**Student:** 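Encoded as structure tokens, here's the structure I'll be asking about.
Being a predicted model, the structure only gives us computed values, none of them experimental. Residue numbering restarts at 1 for every chain, and letters A, B, ... go by the order of the sequence lines.
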Amino acid sequence: MELELSELQELRRQKAEELRRLGLDPYSPRAIRTHTTEEARERFLKIESERGAGAEDDEPVTLAGRVVSVRHMGKTAFSHIRDGHGELQLYLRRDDLGEEEFERFLKLIDLGDFIEATGTLFRTKTGEVSLRVQRYRPLTKALNAPPEKWHGLQDVELRHRQRYADLIANEETRRVFLIRSRMISAIRRYLDSLGYIEVETPTLQPLYGGAAARPFTTYYNALDQTFYLRIADELYLKRLIVGGYERVYEICKDFRNEGIDRNHSPEFTMLEFYEAYADYETMMQRVEGLIVYAAQEALGTTRLVYQGNEIDLTPPWRRITLRDAIRQYSGIDYVEHPTQESLFAAARAAGADVEPGTVWPRIVDQLLKQFVRPHLIQPTFVIDYPVELSPLAKRKPDDPTHVERFQPNIGGLEIGNAFTELNDPLDQYARFVQQQKDRAAGDEEAMPIDLDYVNALMYGMPPTGGVGIGIDRLAMLFTDQPSLRDVILFPAMRRLPAQQGGEPTGEDDANKATNSSLAAT
RNA sequence: GACCCCGUAGCUCAAUCGGCAGAGCAGCGGACUUUUAAUCCGUUGGUUCUGGGUUCGAGUCCCAGCGGGGUCACCA
């Protein structure tokens with residue numbers, strides 16, 4: 001099958017052919033660079049500080065990178081190349097390169113190509129550190145022209161479908177994912193420094209649990225059974241606490257087969273960490289410490305701006321019980337409305353967006369979402385949730401209707417969920433049974449009973465605190481992005497017919513799976 | 001899943017009330033030996049997302065579809 005090239009692509013292909021005719025490989029197997037652009041600039045600044053203004057390097061350096069601009073002026077040309085560390089200007093003169101090489105650069109090197117350039121560092125009269133090129137060599141011919149140089153790539157769909165082009169065109173995109181990466185590595189360093197061990201638990205699970213969500217379903221051919229992509233790793237991590245590890249964490253993808261919006265993605269990244277002999281008080285301090293450290297490492301500050309709001313991460317963070325928060329922002333005290341009918345009426349009267357059939361816990365949740373969360377701009381722990389909302393959390397000793405649970409909220413975003421873990425196996429079993437009743441009553445997201453987990457608890461889990469942090473939401477906060485998709489490198493998109501080289505072959509799996517939502521369709 | 005908005009050159013965007021599809025960047029040709037979105041002269045490039053319909057005439061209006069975005073629902 002012949003790949004059809006556009007007019008512009010064909011022109012560039014011909015230039016690649018011309019390079020070949022000249023004995024130059026348009027797809028060189030290797031680059032031989034001596035310095036990154038960053039190292040070259042540092043080198044020159046050092047030389048300049050030693051020898052004074054006007055100094056020029058006397059040793060040649062070789063740089064490699066993508067040509068991102070060319071300004072031709074008769075018998076000279078300026079060009080910027082970009083590598084993974086930054087950009088540096090090339091200064092090309094016909095008198096330095098010879099007429100043939102100089103013309104060849106102008107004729108055969110395009111924006112987007114990778115080249116290698118050797119020369120000496122100096123500062124132009126306009127003050128820019130530059131490389132006076134003695135020779136250059138093509139490394140990679142780009143057949144696609146880069147997006148518009150001034151506006152970059154704006155089309156949201158293209159930016160997501162072709163993230164590579166977005167990264168080439170938009171400095172901001174490069175910044176966002178760099179910060180995300182630094183944030184995650186800082187999180188690992190922080191937990192490692194506290195003696196946490198990083199573990200890996202199954203992505204494909206025979207039974208899903210640890211959260212209320214609809215799973216993606218797939219078929220495990222080798223085991224001849226339906227499996228689920230994990231919606232959480234919670235129950236596995238707590239099994240490890242049962243096993244005797246004191247501090248464990250995992251950063252992984254969770255999958256929830258639900259809607260996509262600016263705060264939700266069916267495939268998202270979660271950090272969960274569990275600590276024996278700790279409770280939710282301890283874990284609040286852990287969260288404060290973790291996020292402050294990550295911000296300091298990734299951003300160099302603990303004061304940030306999210307969507308126009310200035311946020312100060314300095315601990316201690318505000319704490320407010322869920323009951324007080326809802327009372328303060330909606331005027332409703334849900335404790336005074338223990339029945340669905342009563343709470344529903346009060347919620348409706350307050351203007352809450354709830355349907356008549358909404359169950360009691362969901363009304364509470366709606367009140368939280370609608371009235372409280374938008375006000376939680378500065379870091380705030382909302383604590384102590386009704387037991388009905390939290391089947392895996394431990395009850396408060398002085399109030400068995402509530403559990404020791406908190407959710408950190410920053411910038412109006414719910415960035416996590418945590419509690420003192422329920423370690424009473426019989427209470428846990430009873431909660432599972434209640435979930436099963438909810439499921440029978442039509443709650444598709446109620447958790448299935450996990451008897452093996454109950455069995456694990458029967459071996460004894462010490463008092464334990466656990467936390468889940470939504471890494472993507474934290475990345476939104478750190479990078480001031482309004483949508484989760486802006487901090488996910490390759491957000492899921494519908495497949496375009498034109499994108500396929502052929503039909504995908506996932507049919508066996510799709511046919512066997514009772515729910516083929518995971519399989520290619 | 002419902003509703004609303006968007007889809008024009010490789011990219012960024014115009015196109016009056018329904019009346020000859022245009023500009024900038026990129027590309028191509030040329031001038032220019034320190035430029036910074038270089039500048040200047042010339043120039044190529046269109047299935048206006050797809051398929052129907054209305055009309056003398058559709059980028060524009062109507063219907064359906066595809067793709068994306070937003071709001072809602074769903075998402076402890």
**Student:** Write down the partner of B/rC11 under the Watson-Crick or G-U wobble criteria, each distance required to be under 3.5 Å.
**Tutor:** B/rG24

**Student:** What does A/Lys369 touch in the nucleic acid at a heavy-atom separation under 4.0 angstrom: a base, only the sugar-phosphate, or nothing?
**Tutor:** base

**Student:** Between A/Arg132 and A/Phe122, is NZ or CZ placed under 6.0 angstrom from the six-membered ring centre and within 45° of the ring axis?
**Tutor:** yes

**Student:** Reckon A/Arg362 touches a base, only the sugar-phosphate, or nothing at all at heavy-atom distances under 4.0 Å?
**Tutor:** sugar-phosphate

**Student:** Check this for me: does any side-chain nitrogen of one of A/Asp384 and A/Lys396 sit under 4.0 Å from a carboxylate oxygen of the other?
**Tutor:** yes

**Student:** Give A/Arg94 one of three labels, base, sugar-phosphate or nothing, depending on what nucleic acid heavy atoms sit under 4.0 Å from its own.
**Tutor:** nothing

**Student:** Please determine, for B/rG51, whether a Watson-Crick or G-U wobble partner exists with both distances under 3.5 Å, and give it or none.
**Tutor:** B/rC63

**Student:** With a 4.0 Å cut-off on heavy atoms, is A/Leu158 in touch with a base, just the backbone sugar-phosphate, or nothing at all?
**Tutor:** sugar-phosphate

**Student:** At under 4.0 Å between heavy atoms, what does A/Glu355 touch on the DNA or RNA strands: base, sugar-phosphate, or nothing?
**Tutor:** nothing

**Student:** Are the aromatic ring centres of A/Tyr334 and A/Trp360 under 6.0 angstrom apart?
**Tutor:** yes

**Student:** Tell me whether the guanidinium CZ or amine NZ of A/Arg94 lies under 6.0 angstrom from the six-membered ring centre of A/Phe102 and within 45° of its axis.
**Tutor:** no

**Student:** Starting from C1' on B/rA23, measure out to CD on A/Glu148 and report it in whole angstrom.
**Tutor:** 12 Å

**Student:** Closest nucleotide of RNA chain B for A/Pro391 versus for A/Val156: which of these residues is on the 5' side?
**Tutor:** A/Val156

**Student:** Using a cut-off of 4.0 Å on non-hydrogen atoms, how would the nucleic acid contact of A/Asp95 be classed: base, sugar-phosphate, or nothing?
**Tutor:** base

**Student:** Which sits closer to the 5' end of RNA chain B, A/Gln407 or A/Arg262, going by the nucleotide each is nearest to?
**Tutor:** A/Arg262

**Student:** Rounded to whole Å, how long is the line connecting atom CG of A/Leu422 with atom P of B/rA76?
**Tutor:** 19 Å

**Student:** How far, in whole Å, is B/rG22 from B/rU43 if one measures between their P atoms?
**Tutor:** 14 Å

**Student:** Watson-Crick or G-U wobble partner for B/rC3, using a 3.5 Å limit on both distances?
**Tutor:** B/rG70

**Student:** Using a cut-off of 4.0 Å on non-hydrogen atoms, how would the nucleic acid contact of A/Asp353 be classed: base, sugar-phosphate, or nothing?
**Tutor:** sugar-phosphate

**Student:** A side-chain contact here means heavy atoms from C-beta on lying under 4.5 Å apart; do A/Leu97 and A/Arg93 qualify?
**Tutor:** no

**Student:** Looking at every strand, decide which applies to A/Arg485 at a 4.0 Å heavy-atom threshold: base, sugar-phosphate, or nothing.
**Tutor:** sugar-phosphate

